[in-house]
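Taking it in order: structure first as structure tokens, then the write-up.
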Amino acid sequence: MSKNPTSHTPIDVGDGAAIPNKNDAGLFTAWRIAFFGAIFVSLYLAFGKSDPYYEIFKFVPDGILVTFKVTFGAILLATCIGLITGLGRISDNRFINGAASLYVEVIRGIPLLVQIFYIYYALGRFVKIPDMLSAIIAMAVCYGAYMGEVFRAGIQSIPKGQMEAALSLGMSRGQAMRQVILPQAFKVVLPPIGNEFIALLKDSSLVSILAVSDLLRRGREYASETFSYFETYTVIALIYLVMTLFFSKLIGIMEERLNAGK
Amino acid sequence: MQENSRLMIEAREVSKFYGAFQALKNVSFSVRDGEKVVIIGPSGSGKSTILRSINRLETIDRGTIIVDGMDVSDPKVDICKVREEIGMVFQSFNLFPHKTVLENLTLAQTVVRKRNRREAEQIALELLKKVGIAEKAAAYPAKLSGGQQQRVAIARSLAMNPKAILFDEPTSALDPEMIGEVLDVMKNLAQEGMTMVVVTHEMGFAREVADRVIFMDHGQIVEEGTPEHFFTSPDHERAKLFLSQIL
């Protein structure tokens, strides 16, 4: 029995995306250099060196919008799948628990690229839906499994006494989950979900192998016509970098706000 | 004391196993309406386990427990109905940290008892006044001291108008200077006639408030009787040994 039952154990699920932290001065300046450097280099290439960079910058933004659509669509859907999976993973019902665990194990055991191909073509075989939607579903199914683990860990980080207190007041398990456990768990899972979002933003470039004109695919289209491979991929990399760093910062700020509100 | 009042809680031949370890061995006891029963014993004696079995936070493997006429040990019985009527106060308070003190008291009232918000808040404020903490209604639990949190937890339990309250070592997680304020609230409740089952190490409280003391050891009830008898001349060696160690 701990004396401080309301403190949550922080959970650490996530990958590479470095969310800048005010206390970490080195990383903070690294973020600045990378972010503003990338913007500066972009501006210089577009307006200072103009040819062919100006053309490239004019050609690829269509893809940025698609990349955003895929990323936001997939993160929303993945969060829903993740919540259901997470609840399934802690369920006492053997069938539900088994199904959720199987999903997580299968997805985690297959490379993301293979999954995207597989789900995209599997979907295409049975239903007629737009390419973009298939791509979003494919990404969401993959990320839903990881998100499921985030939610499972988040829910399990809430002290057992919270559920017991809710139950002993006469609430059903569902009521206790909705009113007491999940509101607390959401706060815990928000930072890892931010990390997943950044990772998804980057991995969304994988959908360029499908018939979805995201940022990377637009770049490939341009490059294969003009043969300016180096210039095109320089621009593509710069744009991804700016987007990723921008959202990392945004999530970092949101997290700080959240902690300040405690 | 209340010899003729009806039975509120009745446990018959209750056993519970954790694997090969038997946590409860044919435990039988009853609590009448209005009675205050204190369960004491060394740690690991099964006193918390039997208390938590009353509202099925622990399931039992053998025996029956009847609470307010409902068979808790019957899986078909809607346990929520039992828990609505039987409050519980925990060692670690277990207030909901994402809700204010007031919301802690109104949540179950609105969700379970289906009271409207105004009514629930009115009841909550009155109870907060009663436990001496009305000025903290808008605060979050983290801003409160342990003693204050436990008083809120008692008020939260009272907001459901329970027929009995179970206390699971309510003062064990508190700093010594805060134990008194919580015990005072509990004594007031006892005076008002609340049916209480209390697991505690506070022998002074047991002596003063209990109608009956149950002494448990190794998953069994070793001795049961009035506090005067138990504290002055216990019948069993194990009870004598226990008392000599803690008094």
Side-chain angles (χ1 to χ4, degrees), chain A residues 1-11 83 86-87 90-94 151 153-193 254-262, chain B residues 43 48 51-52 54-58 78-99 103-114 140-144 146 149-150 152-153 156-162 165-169 172-175 178:
Chain A
M1 296 274 160
S2 85
K3 283 207 169 191
N4 191 0
T6 53
S7 74
H8 307 141
T9 348
I11 58 167
L83 176 59
L87 288 171
I90 57 167
S91 169
D92 289 332
N93 182 313
R94 269 167 105 185
F151 274 103
I155 291 168
Q156 285 179 339
S157 77
I158 307 303
K160 212 172 100 233
Q162 290 290 312
M163 177 57 95
E164 291 185 347
L167 292 180
S168 71
L169 286 164
M171 290 187 218
S172 66
R173 276 194 171 268
Q175 286 172 333
M177 207 30 113
R178 281 193 302 277
Q179 302 283 348
V180 175
I181 307 298
L182 286 181
Q184 295 182 62
F186 272 120
K187 271 193 176 178
V188 184
V189 299
L190 223 48
I193 288 180
M254 273 165 51
E255 224 177 286
E256 226 166 74
R257 290 262 165 87
L258 198 75
N259 286 333
K262 264 180 193 167
Chain B
S43 58
S48 279
L51 189 79
R52 289 161 55 83
I54 295 172
N55 64 353
R56 211 202 277 168
L57 287 183
E58 303 283 352
D78 182 5
I79 192 65
C80 294
K81 290 272 167 267
V82 177
R83 289 168 176 160
E84 275 176 41
E85 306 301 335
I86 307 293
M88 184 149 203
V89 174
F90 299 86
Q91 177 179 2
S92 46
F93 330 135
N94 297 344
L95 294 180
F96 306 134
H98 61 302
K99 299 209 172 275
E103 288 165 348
N104 263 276
L105 267 70
T106 53
L107 179 62
Q109 289 191 68
T110 50
V111 172
V112 180
R113 284 266 190 255
K114 309 289 180 205
Y140 282 90
K143 303 279 180 216
L144 272 56
Q149 287 193 45
Q150 193 62 298
V152 172
R156 177 175 70 178
S157 170
L158 287 172
M160 294 293 287
N161 303 105
I165 303 187
L166 314 173
F167 292 85
D168 190 4
E169 303 202 27
S172 297
L174 293 174
D175 292 330
M178 292 169 185

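Since the model is a prediction, treat every value here as computed from it, not as a measurement. To find a chain, count down the sequence lines: A is the first, B the second, and so on, and within it residues start at 1.
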- Can you find a heavy atom in the side chain of Ile155(A) that is under 4.5 Å from one in the side chain of Leu182(A)? yes
- Task: Tell me, for Ile86(B) versus chain A, whether the close heavy atoms (under 4.5 Å) come from the side chain, the backbone, both or neither.
- Result: backbone
- What part of Gln175(A) gets closer than 4.5 Å to chain B, counting heavy atoms only: side chain, backbone, both or neither? side chain
- Item | Heavy-atom pair of closest approach, residues Gly154(A) and Val188(A) | CA-CG1, 4.4 Å
- Task: With a 4.5 angstrom heavy-atom cut-off, could you sort out which part of Val111(B) is near chain A: side chain, backbone, both or neither?
- Result: both
- Sort Arg52(B) into side chain, backbone, both or neither according to what part of it lies under 4.5 angstrom from a heavy atom of chain A. side chain
- Item | Listed partners of Glu84(B) passing salt bridge (charged side-chain N to carboxylate O under 4.0 Å, His left out), at least two apart | Lys81(B), Arg113(B)
- Which heavy atom of Pro162(B) sits nearest a heavy atom of Gly87(B), and at what distance? CB-N, 3.6 Å
- Query: So which of Glu164(A), Lys160(A), Met163(A) has the largest heavy-atom pair count under 4.5 angstrom toward chain B?
  - Reply: Glu164(A)
- Using the ring pair (Phe, Tyr, Trp, His ring centres under 6.0 Å) rule, collect all pairs that involve residues 158-193 of chain A, keeping only residues at least two apart or in two chains. Phe151(A)-Phe186(A)
